[in-house]
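Working notes for the structure below.
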Amino acid sequence: MSHQEHEARSADGSALEERYAGENDTLIRMRHSAAHMMAEAVLSMFPEAKLGIGPPIEDGFYYDFLLPRTLSTDDLPEIEARMRESAKAAAPFVAGEMPREEGLARFADQPFKVEIIESLTDETVSIYTHREFTDLCQGPHAESTDKTGAFTLTRVAGAYWRGDENNPQLQRIYGALFETQEELDAHLERLAEAERRDHRRLGRELDLFFFDPIAPASPFFLPKGATVYNLMVDFIRELYDRYGYQEVITPQIFLTDLWKQSGHYDNYLENMYLTQSDEIEYGVKPMNCPGHCVMYASQLHSYRALPLRYADFGRLHRNERSGVTHGLTRVRSFSQDDAHIFCRMDQVQDEFSSLIRMMRDVYSAFGLNEPRFTLSLRPEKRVGSDETWDRAEDALREALTIAGADFEEIPNEGAFYGPKIDLFSQDALRREWQLSTFQLDFNLPERFDLEYVTEDNTRERPVMIHRAILGSLERFFGVLLEHNAGAFPVWLAPVQATIIPIADRHIPYAQQVQEQLHAAGLRVEIDDRNERMNAKIREAQTRHVPYMLVVGDREAESGAVAVRRREGSEDLGAVPTAEFVERVLGEVGSKGRG
């Protein structure tokens with residue numbers, strides 16, 4: 001492993017250079033070189049700065065610093081200007097090597113570099129120098145500072161040294177870099193569009209949800225947000241009826257005896273909330289699987305009753321670190337479309353085929369693309385024997401192959417109790433999100449001594465499948481909100497139509513239309529504010545309401561509504577109200593699939 005790779009692993013475990021090593025080697029060199037140029041620029045502004053690491057990453061680079069004051073985006077132009085001075089100098093990047101002890105002396109005023117050197121076993125350390133700046137580094141680099149493409153600095157963030165919140169918090173400066181200015185401009189436009197689609201901003205603007213410090217990383221869903229949330233749950237419940245799931249309700253808090261038996265106490269404790277009552281220790285559930293094992297064990301099951309599919313929308317709580325929480329996509333309080341399937345080994349392939357069909361039904365309804373599949377294999381920290389893991393991993397490989405799914409195997413990324421299949425879907429900005437997960441588990445049935453009665457009246461262990469298709473409902477909500485830029489499909493929109501009376505005298509007719517649409521099960525509001533009609537239309541479009549129904553004298557006389565869609569200024573003209581209702585109910589029933 002190179003020193004640079006070691007730096008990245010030491011800081012946050014991400015091995016970023018390794019992740020992008022298969023990409024354009026020229027870009028890797030450019031981005032790595034720009035990170036050094038940025039460190040040079042910052043050091044020239046703050047001679048007392050302490051340097052962390054500076055790897056290339058997807059779309060650019062970053063460098064971590066311990067500085068005498070907090071940076072803001074106002075500092076970035078000055079840093080970037082100094083980097084451009086370095087680029088104009090066309091200074092070569094020169095590789096070098098020095099004995100370990102000399103390296104410790106050379107970087108004696110840089111404690112993070114010293115820590116890296118001390119963690120290495122090599123007799124020598126590698127360095128790279130350009131102009132007067134030298135950094136501990138293995139490379140690779142561009143030929144010279146003028147061969148670093150088109151770049152710009154984008155933002156400042158916080159980052160703990162080595163990714164450990166017990167270590168000093170450094171300031172991380174990010175930059176974007178591409179070979180050409182055109183590519184950089186296109187990337188910056190994608191970033192701007194991502195900012196416009198940021199679900200945290202949209203959540204506030206559309207009155208969907210908010211966060212408050214009184215409940216860190218735990219969202220408050222407002223009425224419109226709760227409507228969308230519950231419609232997601234209702235849709236999954238419809239699929240449960242079709243695919244043979246039984247919904248259950250399990251307790252929120254268990255004695256820690258349960259978590260010790262399941263293995264969570266030894267392998268997941270840092271993510272759990274614990275409490276005490278009468279000097280007895282309890283754990284708030286971070287997941288449903290142990291409770292479902294208790295439920296399965298409460299009755300005797302015949303082989304004929306399998307597969308048994310328990311579904312649970314119970315609230316879950318995980319003690320996520322504050323540094324990794326992010327809007328709805330990483331929260332501490334959430335629910336999942338969570339289910340556990342107890343089945344015989346000979347039923348595993350059929351169950352996974354069913355899961356993939358169900359997943360495709362869900363992704364189609366929500367307008368998501370066909371996902372990419374990965375198979376995550378045994379982690380270092382795990383329960384169960386190697387033989388058990390061999391059996392589980394082979395079963396998932398076979399299931400994916402039979403389903404005709406292309407998949408990539410990922411070492412060391414399985415759950416501590418079993419291997420898993422993860423599904424990744426691209427959103428409208430081509431960003432990839434991990435949503436669904438299917439996990440095969442031989443260990444929990446063993447730990448909970450689960451059995452079923454076989455055809456010859458003996459006892460055998462069931463196989464347990466963990467599955468979630470939406471995954472965290474909060475995370476899915478956030479991803480979907482950004483994917484649609486706030487414009488939910490008609491069936492999911494919290495308000496499906498806004499009725500806009502042209503004048504106050506048309507309000508009574510607007511109320512009649514509202515009653516008619518409500519009776520049909522549609523979600524409708526009346527905008528009776530004292531504003532111009534065009535202003536009301538623009539407001540409804542801003543709030544991404546699918547339909548605007550303008551009503552005036554002609555509409556009231558003919559029992560019609562003048563229909564406009566939210567897309568641009570499309571005007572469908574006057575339509576009988578009953579015909580409009582039929583049209584929207586058709587869209588709702590088909591989930592937008594025609």
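All values reported here derive from a predicted model rather than from experimental measurement.
- In this structure, Tyr63 has its ring center closer than 6.0 angstrom to the ring center of Phe65.
- Between Phe221 and Phe477, a ring centre-to-centre spacing shorter than 6.0 Å is recorded.
- Atom OH of Tyr265 and atom CG of Asp257 lie 10.0 Å apart (nearest 0.5 Å).
- Taking the six-membered ring where the residue is Trp, Phe93 and His141 present parallel rings, their angle staying beneath 30° rather than reaching 60°.
- A cation-pi arrangement is absent between Arg31 and Phe61 under the rule of less than 6.0 angstrom and at most 45 degrees off the ring axis.
- Interatomic distance, OG of Ser44 versus CD1 of Ile79, reported as 9.0 Å (0.5 Å rounding).
- Between the side chains of Tyr268 and Ser262, no donor-acceptor pair is found at a separation under 3.5 Å.
- In this structure, Phe209 has its ring center no closer than 6.0 Å to that of Tyr229.
- Between Met359 and Pro371, the closest side-chain pair of non-hydrogen atoms falls below 4.5 Å.
- Phe407 pairs with exactly one of Ile421, Thr401, Thr374 by the side-chain contact (heavy atoms from CB on, under 4.5 Å) rule, that one being Thr401.
- A side-chain N or O of Ser86 and one of Glu40 form a donor-acceptor pair less than 3.5 Å apart.
- Residue Glu482 forms a salt bridge (charged side-chain N to carboxylate O under 4.0 Å, His left out) with just one option from Arg475, Arg197, Arg431, and that option is Arg431.
- Both tests pass for Arg84 against the ring of Phe151: distance under 6.0 Å to the centre and angle within 45° of the axis.
- Shown here is Ile214, whose CD1 atom has no more than 12 heavy atoms of other residues, nucleotides or ligands within 6.0 Å.
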